[in-house]
K.L.:
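This is the structure I have questions about; it appears just below.
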Amino acid sequence: MIAQQSEDLRRIVRELAREGKRFDGRAPDQHRPVRLEVGVLSNADGSALVAYGDTVVVAAVYGPREVHPRHLALPDRAILRVRYHMAPFSTPDERKRPEPTRREIEISKVIREALEPVVLLEQFPRTSIDVFIEVLQADGSTRVASITAASLALADAGVPMRDLVVGVSVGKIENLIIVDLNRVEDGYGDGDMPIAFMCRRGLITLLQADGQWSPDEVRQAIDMAYRAAGDIYRQMRDVLKGKYIESVRALSQ
Amino acid sequence: MIAQQSEDLRRIVRELAREGKRFDGRAPDQHRPVRLEVGVLSNADGSALVAYGDTVVVAAVYGPREVHPRHLALPDRAILRVRYHMAPFSTPDERKRPEPTRREIEISKVIREALEPVVLLEQFPRTSIDVFIEVLQADGSTRVASITAASLALADAGVPMRDLVVGVSVGKIENLIIVDLNRVEDGYGDGDMPIAFMCRRGLITLLQADGQWSPDEVRQAIDMAYRAAGDIYRQMRDVLKGKYIESVRALSQ
Amino acid sequence: MIAQQSEDLRRIVRELAREGKRFDGRAPDQHRPVRLEVGVLSNADGSALVAYGDTVVVAAVYGPREVHPRHLALPDRAILRVRYHMAPFSTPDERKRPEPTRREIEISKVIREALEPVVLLEQFPRTSIDVFIEVLQADGSTRVASITAASLALADAGVPMRDLVVGVSVGKIENLIIVDLNRVEDGYGDGDMPIAFMCRRGLITLLQADGQWSPDEVRQAIDMAYRAAGDIYRQMRDVLKGKYIESVRALSQ
Amino acid sequence: MSNLSITQQPEILPQLRRESIRRIVEQGQRADGRAHLEFRNIDIIVNPVKTADGSAIVKLGNTVVIAGVKTSIGVPYPDTPDEGALIVNLETPPLASPEIEPGPPDENAIEIARVVDRTIRHSGFIDFKSLCIVPGKYAYILWVDIYVLNHDGNVIDAACMAAVSALSATKLPKAIIEQDQAKLIRDEKIELKVDKSKLPLTITFIKVCNSLLVDPTLEEENVSDAKITIGVSEGKIVSIQKTTGAFDRDDIVSIISKSVELYSKLRDVVLSKISSESYSYIRI
Amino acid sequence: MSNLSITQQPEILPQLRRESIRRIVEQGQRADGRAHLEFRNIDIIVNPVKTADGSAIVKLGNTVVIAGVKTSIGVPYPDTPDEGALIVNLETPPLASPEIEPGPPDENAIEIARVVDRTIRHSGFIDFKSLCIVPGKYAYILWVDIYVLNHDGNVIDAACMAAVSALSATKLPKAIIEQDQAKLIRDEKIELKVDKSKLPLTITFIKVCNSLLVDPTLEEENVSDAKITIGVSEGKIVSIQKTTGAFDRDDIVSIISKSVELYSKLRDVVLSKISSESYSYIRI
Amino acid sequence: MSNLSITQQPEILPQLRRESIRRIVEQGQRADGRAHLEFRNIDIIVNPVKTADGSAIVKLGNTVVIAGVKTSIGVPYPDTPDEGALIVNLETPPLASPEIEPGPPDENAIEIARVVDRTIRHSGFIDFKSLCIVPGKYAYILWVDIYVLNHDGNVIDAACMAAVSALSATKLPKAIIEQDQAKLIRDEKIELKVDKSKLPLTITFIKVCNSLLVDPTLEEENVSDAKITIGVSEGKIVSIQKTTGAFDRDDIVSIISKSVELYSKLRDVVLSKISSESYSYIRI
């Protein structure tokens, strides 16, 4: 891109932050409008579309089902298989090549590890529960939106879970801690911290960070994320309650 | 290569076509001399070399034999495995890289689907019948020559078939419909239509096209191809009768 | 690199050779100081570090153990699996890409074939004995140092062997035959001949050559290599005797 | 990867269901109540993807595909120094169907992408010369990436529809030359020149018990005896791809003429959907 | 390769051993006699590899890793035209453990390399601007290749230590411009500018029966309930990577403050090891 | 792919056949009636492939290989700025044998290609300096692609023969410089300079029951105790590659002298075949 332009944008974003403001007018602790839909794909056992502002992801769940090849199966529980992938047209500027990048491989892993603590894998030994995520439009916070979508799709599929996992990102620009980063804030900020919570139990199942954070800022960030996650969690329950009370029996355990 | 030269060639080819003529002097419905040989490779269960003019392909058949890995086997019939590949030195100008291209992958598929309707796969459940094709010299019409070669190799291997499949291409230059395109006609023409026939039954098992064709031209093209295929079919029968009456019992069913 | 510099170096190396001398002051039949250590890696069943001057390799042996996938197992003996790999930082100048090169694939094969004649594979049917070699610093003769390391690691693992295999390279610069080439001699010489001996029996299990050699020079080279190998063999026995008399029972058969 | 094409494991469809579908066809009807030559309901969302230069979501019954166009700059091919390039890629990510494992495009995906590519290329829909920036040096490359989100049969027709809808709505980033280097200014956009009268579309036919059906569902594909796809543009045939089974000459003649008839109606449907200029966002 | 992350087969650890390790932890101790927040013995060999521009071997108990730095010239990224680049790669060759098959880096290796990369990148340890040769045209690329030679747990902390030790000792080949082309003169070396006060290190915690332990052995990793890695530089958190299990908020707060405390001690140990200028050679 | 070399599954040869082949050898004969140091019948077709710049088909008994040379332009290696390059590739497509699955070249194919490459390179057969177009900037690259069409043993000697026969017959497309860019004019050809007196050939020996045999059939290879290939050019040894088994010093000395003796005869056979200037076409 034109280096000058992006330099200008960076300056504006950072100047606003020094005044406690954000480029898109949100308050620091205000997440973008969230759109949640379940059952959007007829073939999948469960599916969901999640939008955090202009970030849009779709998730599908298949399973519990037979494992191929069989030697990957575990005798005492299900395996979880997770794939996070970005469509080539989902990023601004250059086309993203469709082959999995190192970034996508890492994110697939941390999403799997964010979901494993909630799924009752031990109920389905020797099977596989598969979560496939496609990012269709990326405006920051794609991995945490993906976790929320995966959670909804698992619930939509009737997979028993201990809790719903909700993903939220926090960031830092010029000492301002902000929630639910968009792409500009991610690109020109000083730190990014994606977090996922088991909301009812308050447990953290995904936590990553880059940038520079004081211990106190880490604490603030986690607490700000938890409040936003709680808000999204209530919307998730509404969406699931509307149509799926039956299948999410695990939620009311 | 030199843009001017190929531009000249294109003009000549197209001017000739407007007069109903072809660059190599053939009549529009005249295919190139065909050379057919069977049993050319001692290791294969069946093999054939086919030349359509300067296009030369060799095909080998192995099987019916055990399937590896086993889970690919079908309980009620044989699977057909087909590979179409061009040798790096088979094309003019640049060396072709030996790795399979998207084009080769597509052609392997349509050749398989051109052969499946004739091979009596149901006679050999749980086995594989393998057809390997190598293009040694390419002067247009390689996929249809490959189908003819595969047919001969299958017959040479004694694989029971409902019919022989014969491949022929048709093309269009400046409204002139021509049969058995060579590379220049393929490159500078307005349309290309590779076709394969089960000759005795008159069924079409491969049909592709690009370019622009009116419905009437499609009809003309199919009919012109069918006449050429019949001619090649008679040569195939001669070659097979000479040495292989025994093994091609399926032909006389 | 700077073409002039390397040209100068080449001239010097070759002029010295015409006087019967070597760039690093060694006599033609003098190998570099050899450093041998066994049991250097705690996870492996056997391991060794071998340095020929500034060439340093480490080898690990796992097995005999179960074969994956099982269809590779042999009913009457163990299979040997060998991997020779160069670390990206082990070469001067450019970083070596970590993906296996055609050279590494060839060397893995010839090392396997250099070891197979000595390992008593028939004692462990249906298992695999794995030899993994990493070149950490390369100054010529890496494949022969790797064979020596593999031999030591196999003995360290207690794998029964008919003999110890020792690797040595010989080279030729301006008609001077020299032993244990370093990188400069390899790069600017006229021929390279890596050799491996079963030292007690005097059998040759690796022999490669490039360059130009008269039949008589080949003979001289083999004999010079054999003397150097005998010297290294004695050091290997010392290292193994120190701690491993028990496990190398096969040596004293 | 080796280019070995292997007879595909048919999806397991209970024998009763199989026979029922075929019997209904023999009676001149279809399992979902359509006429033999009737398409499923078509829904097209145009330009839902803000990060793409052009995009479309197409729903053909329960089959859902999304296509996105991205632009880059490349060197023209030596034999067409004054033309840009089109690259069509299709992927069936594993969320589309229980049958699909993750991996690079298989022969089915590659075939569909190539047929869609040929159909567009030979139709004259895109003015490739308008994609030239500096003859022989710089030209636009149009990357059309098609993702199948739900596979319920006839992906190819849905994919072609999505590709042409996305291209119809594509705006190219402006290209500038700076110090002899071409660059794209992604904030300034110019419309991609397409000739909508030549809108290319594919129409897929299956043969079931000697009847010809268009727009097959996945179940119908699985019980069909043969399948063929015809690419049409303004009354011309611009591509043909027979896949499974065999057809006789008269089948083909009939399919060709039916495809030309159906094309006009289908084009009108598509054009009306893509010309509605309402605000759009990603929904499935 | 497909980026499919699959629940990993746990290493088979006998149930008795498993319970024993956990019981010892519950009693406030560890199987190898360490305190919960005590690292294993650390040994660092600096610049043992003559063919590298910088290198280090780190032994953390029985875990052994080697890191080597190689330099090349590349074009700066458009958004940082005056900076060089760092590329971190980690491989676990099959000699490191009986569990590893040869192949390209798997998700574990990729994750570790990326966390080490982020930890170094955000610490300010490297002055990326000092790696620029000609702004917008040429810059140094630092390739840090980390090889695990023996895997006995906590590879990530050992890998980070090895990477920063190797970078601390790195000398760049001089870059010259000849006929508008940049070249490296490998005989003339200049020191890589690093800010040792910002030495970045990771500290990995596992949770076992509600206790927090640092620097886990492989056995401890296999019986742990959760695992997290904190990257620290000069009292700042520069990376976090939770891997397995779940933590509550108070765990995290406690881990963060413990990691800052432990960092100071660990940095002193590392700095003292890497500043000893003795002759070094490759030994394990 | 991982460079893991694995003990190869021997082809299943009935025990009786195995013993019979070995017994015949012990009696000083061979299963196909040849003497121990006798090659099978050699047939060479020169320049059968019109699309190649040079080509040859070699039949060595039932072993059939085809080699084709294609030319391109590349940048010379920095250490040999005034020389062109040779790249040898060998593939065993699955039509060559029931044992071969499709895929990229395996270790056997790679080894043969590399030995053929070394044999040619060190013989002085090709004048690499004559392949330079503009020193340091442009040079010819000779791609030699060898395809095995039928594998009945001793592929390496057949491959080397095919490669040198194809190179002997190679005509390079003329190179021109246009606007500082090198281009090939494929219609205008100049002969590749080769020194036929140095014609490099490999001679492969197997050891069976202490006898040395040349040009083994596949069956003989499968019952052999050891195998070695010697590359010879004008009385000089230019390559050696021991593959399976072990040899003692005296074996090697004997093999070396036998290979030099056999070389002269073999070269005469090859030269006479390739100098017959008759019209040729692809036949097997």
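Just so it is clear: chains get the letters A, B, ... in the order the sequence lines come, proteins before strands, and each one is counted from 1. Values below: every heavy atom of this structure, side chains too, minus hydrogens, waters and symmetry copies.
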K.L.:
Does any heavy atom of chain F fall under 4.5 Å from the side chain of C:Val110, the backbone, both, or neither of them?
P.N.:
side chain
K.L.:
Side chain, backbone, both or neither: which part of C:Tyr226 has a heavy atom under 4.5 Å from chain F?
P.N.:
neither
K.L.:
Who wins among F:Val238, F:Val232, F:Val115, F:Thr119 for the most heavy-atom pairs under 4.5 Å with chain C?
P.N.:
F:Val238
K.L.:
Out of F:Arg249, F:Gln241, F:Arg114, F:Gln9, return the one with the most heavy atom pairs under 4.5 angstrom to chain C.
P.N.:
F:Arg114
K.L.:
Which atoms of C:Arg103 come close to chain F, meaning under 4.5 Å heavy atom to heavy atom: side chain ones, backbone ones, both, or neither?
P.N.:
both
K.L.:
Heavy-atom pairs under 4.5 Å with chain F: which of C:Glu99, C:Arg102, C:Met193 has the most?
P.N.:
C:Arg102
K.L.:
Taking non-hydrogen atoms and a cut-off under 4.5 angstrom, which of residues 254-267 of chain F neighbour chain C?
P.N.:
F:Ile256, F:Val260
K.L.:
Between C:Pro117 and chain F, with a heavy-atom cut-off of 4.5 Å, which part of the residue counts as in contact: side chain, backbone, both or neither?
P.N.:
side chain
K.L.:
Using heavy-atom distances under 4.5 Å, tell me whether C:Leu74 contacts chain F through its side chain, its backbone, both, or neither.
P.N.:
side chain
K.L.:
What part of C:Leu207 lies closer than 4.5 angstrom to a heavy atom of chain F: side chain, backbone, both or neither?
P.N.:
both
K.L.:
What part of F:Arg118 lies closer than 4.5 angstrom to a heavy atom of chain C: side chain, backbone, both or neither?
P.N.:
side chain
K.L.:
As an exercise: rank C:Arg112, C:Gln208, C:Arg81, C:Glu113 by heavy-atom pairs under 4.5 Å with chain F and give me the winner.
P.N.:
C:Arg112
K.L.:
Is it the side chain or the backbone of C:Glu116 that comes within 4.5 Å of chain F heavy atoms, both, or neither?
P.N.:
side chain
K.L.:
Against chain C, label F:Ile230 side chain, backbone, both or neither, depending on which of its atoms sit under 4.5 Å from a heavy atom there.
P.N.:
neither
K.L.:
Non-hydrogen atoms of chain F under 4.5 Å away: do they reach the side chain of C:Asp223, the backbone, both or neither?
P.N.:
side chain
K.L.:
Taking C:Ala196, C:Gly211, C:Ser108 one by one, which has the highest count of heavy-atom pairs under 4.5 Å against chain F?
P.N.:
C:Gly211
K.L.:
Verify the distance criterion only: is there a donor paired with an acceptor across the side chains of F:Glu221 and F:Ser224 at less than 3.5 Å?
P.N.:
no
K.L.:
Check whether any side-chain heavy atom of F:Phe128 sits under 4.5 Å from a side-chain heavy atom of F:Arg121, and report yes or no.
P.N.:
yes
